[in-house]
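Note that the structure is a prediction, hence the values are computed from the model and not measured.
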Amino acid sequence: RKNTLRRMISNAANQHTTKRAKRKHIDPHAHAASARDAQKLARYRPKLNTRNLLTDLNQAQIEQRNVVKLFEYHCGSDAPRRQYWYEDLIDASP
């Protein structure tokens with residue numbers, strides 16, 4: 001996701017889904033496979049550690065910049081590149 005805070009919330013929700021799926025011995029999916037599963041996922045509200053939130057947000061942005069620098073280092077600064085974001089690819093995103 002383009003928005004770092006939304007990305008952190010999505011990751012927390014996906015971790016919850018993965019843990020829940022492992023307990024029930026099923027394959028974890030980031031998206032619901034049925035309407036019933038969608039309702040269950042919609043009720044879940046992930047919690048973030050607010051004490052470290054600013055630090056975590058800054059760290060995520062630093063990591064994003066480092067990824068771009070690594071790409072330039074390994075592929076050359078003149079290599080064609082385009083960042084694709086989830087929101088740009090999916091029309092229904094808020």
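Rounding to the nearest 0.5 Å gives a distance of 11.0 Å between CD1 of I9 and OG1 of T4.
Hydrophobic clustering places L57 together with L48 (ILVMFWY residues linked when any side-chain heavy atoms are closer than 4.5 Å, directly or through intermediates).
Listed by first and then second residue, the side chain to side chain donor-acceptor pair (under 3.5 Å) pairs that reach into residues 65-76 are E72-R81, sequence neighbours excluded.
Take R36 and apply the side chain to side chain contact (heavy atoms under 4.5 Å, CB included) test, not counting sequence neighbours, and it matches S34, K40. Residues passing the side chain to side chain contact (heavy atoms under 4.5 Å, CB included) test with D56 are M8, N52, sequence neighbours excluded. F71 is linked by a ring pair (Phe, Tyr, Trp, His ring centres under 6.0 Å) to nothing, counting only residues two or more places apart in sequence or in another chain. Scanning for side-chain hydrogen bond (donor to acceptor under 3.5 Å, both in side chains) contacts around Q64 gives an empty result, with sequence neighbours left out.
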